[in-house]
2 protein chains.
Amino acid sequence: METTDLKHQECISTLRPIRDALDVLNGKWKLPIIVALTFGEKRFGEISREVHGITDRMLSKELRDMEVNGLVKRKVYDTYPVKVTYILTPHSQTLGGVIESLRNWGELHRKKILSGEV
Amino acid sequence: METTDLKHQECISTLRPIRDALDVLNGKWKLPIIVALTFGEKRFGEISREVHGITDRMLSKELRDMEVNGLVKRKVYDTYPVKVTYILTPHSQTLGGVIESLRNWGELHRKKILSGEV
DNA sequence: CAGGATCCCATAGGATACTG
DNA sequence: CAGTATCCTATGGGATCCTG
């Protein structure tokens, strides 16, 4: 294996975690759901009402996905009718820096594009 | 408008630049293309060979997209047959921090998932 | 209430062939 | 060489209805 191949391999393995991170954040609804849960533990119906436009199907799907990724915790109360709440996990808090970074660059990018700088 | 609505509006406007940033990076091929161009100006065919698995159609599409977003610059040489090269712009360099941030979190995330911590 | 089931459409992306 | 055109599949996401 020669130098350029080594470099290439290094970059490929660098790419994997980046893709992981992007996948966790991606899709139309994950960020809005995180925002909704930022203000505290919420029930399914509450999130549904706060994240404007989301359907029950997508909310259900995204919450399950986020639970698998350890971003939210699902709590079931044994009442009738059943009550289910979702809450952000400590792990989700570690996303703060990434989101900040994305936001800052997004703002910079928008400014440059609008000013015709790029 | 009451307090919760104000908070909500603030968060929505915060979300926009984040989405912008995610959109610029997203898709299967943008990062690998950036990696390929990191080692310097390259021709269409060279990128095609370095980014394993990409089709001409996707490469063409992604390069155009990245050009619109000011990440790459396209240079046409008036030779026969025509020679075209692509090079990363200074603006694309500003992505460095975001990518670092994504990579670090992605690695942390993977560790936590694999260790069963989440 | 908290979803699942079903159906539908739009877009991402792949395969192959073709052209200035 | 540097793409474009065409056709196809898979996935994301929406709409609607149903149920424990």
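Chain identifiers are assigned alphabetically (A, B, ...) following the order of the sequence lines, protein sequences preceding nucleic acid strands; residue numbering begins at 1 within each chain. Everything numeric here is computed off the predicted structure, so don't read it as measured data.
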task: Classify the nucleic acid contact of G27(A) as base, sugar-phosphate or nothing, counting any heavy atom under 4.0 Å across all strands shown.
output: sugar-phosphate
- request: Please tell me which of the listed nucleotides, dA2(C), dA2(D), dG3(D), lies nearest to the side chain of R74(B)?
  value: dG3(D)
query: Nearest to the side chain of E62(A), which nucleotide is it out of dG3(C), dA2(D), dG13(D)?
result: dG13(D)
task: Would you kindly give the CD1-to-P distance between I33(A) and dG12(D), to the nearest whole Å?
output: 14 Å
- prompt: Should the pair R64(B)-E67(B) be classified as a salt bridge under the 4.0 Å nitrogen-to-oxygen rule?
  reply: no
d(NZ, K83(B); P, dA2(D)) in whole Å: 9 Å
query: Could you give the CD1-to-P distance, from I47(B) to dA2(D), as a whole number of Å?
result: 9 Å
- prompt: Would a 4.5 Å heavy-atom cut-off, applied to side chains only, mark L37(B) and I87(B) as touching?
  reply: no
- request: Using a 4.0 Å heavy-atom cut-off across all strands, classify R57(B) as base, sugar-phosphate, or nothing.
  value: base
- line: Taking dG3(C), dG3(D), dG4(C) as options, the one with an atom nearest any side-chain atom of Y86(A) is dG3(C)
statement: Separation of dG14(D) atom P from H52(A) atom NE2, nearest Å, is 15 Å
- prompt: Taking atom C1' of dG12(D) as reference, at what distance in whole Å does atom CZ of R19(B) sit?
  reply: 12 Å
query: For I54(A) and dT16(D), what is the distance between atoms CD1 and P respectively, to the nearest whole Å?
result: 16 Å
- request: Consider the side chain of P81(B), meaning its heavy atoms from C-beta on, and name the nucleotide among dC1(D), dG14(C), dA2(D) that approaches it most closely.
  value: dC1(D)
message: Taking only side-chain N and O atoms of R49(B), does any of them lie within less than 4.0 angstrom of OP1 or OP2 on dA2(D)?
response: no
Candidate nucleotides dA15(C), dG3(D), dG13(D), ranked by approach to the side chain of T55(B) - the nearest: dA15(C)
query: Once you round it to whole Å, what is the distance between C1' of dG3(C) and OH of Y80(A)?
result: 14 Å
statement: From the candidates dG13(C), dG3(D), dG3(C), the one with an atom nearest any side-chain atom of K28(B) is dG13(C)
message: Just the rounded figure in Å: distance from P of dG13(D) to CH2 of W29(A).
response: 9 Å
message: Taking R43(A) first and then E46(A), would you say they form a salt bridge - that is, a charged N and a carboxylate O separated by under 4.0 Å?
response: no
message: Looking at K61(A), I'd like to know whether one of its side-chain N or O atoms comes within less than 4.0 Å of OP1 or OP2 on dG3(C).
response: no
message: So if I take every side-chain heavy atom of M58(B) and compare against dG13(D), dG14(C), dC1(C), which nucleotide ends up nearest?
response: dG14(C)
message: Donor-acceptor check, side chain of T89(A) to backbone of L71(A), threshold 3.5 angstrom: yes or no?
response: yes
message: Any salt bridge linking K28(B) with E62(B)? Criterion: basic side-chain nitrogen under 4.0 Å from a carboxylate oxygen.
response: no
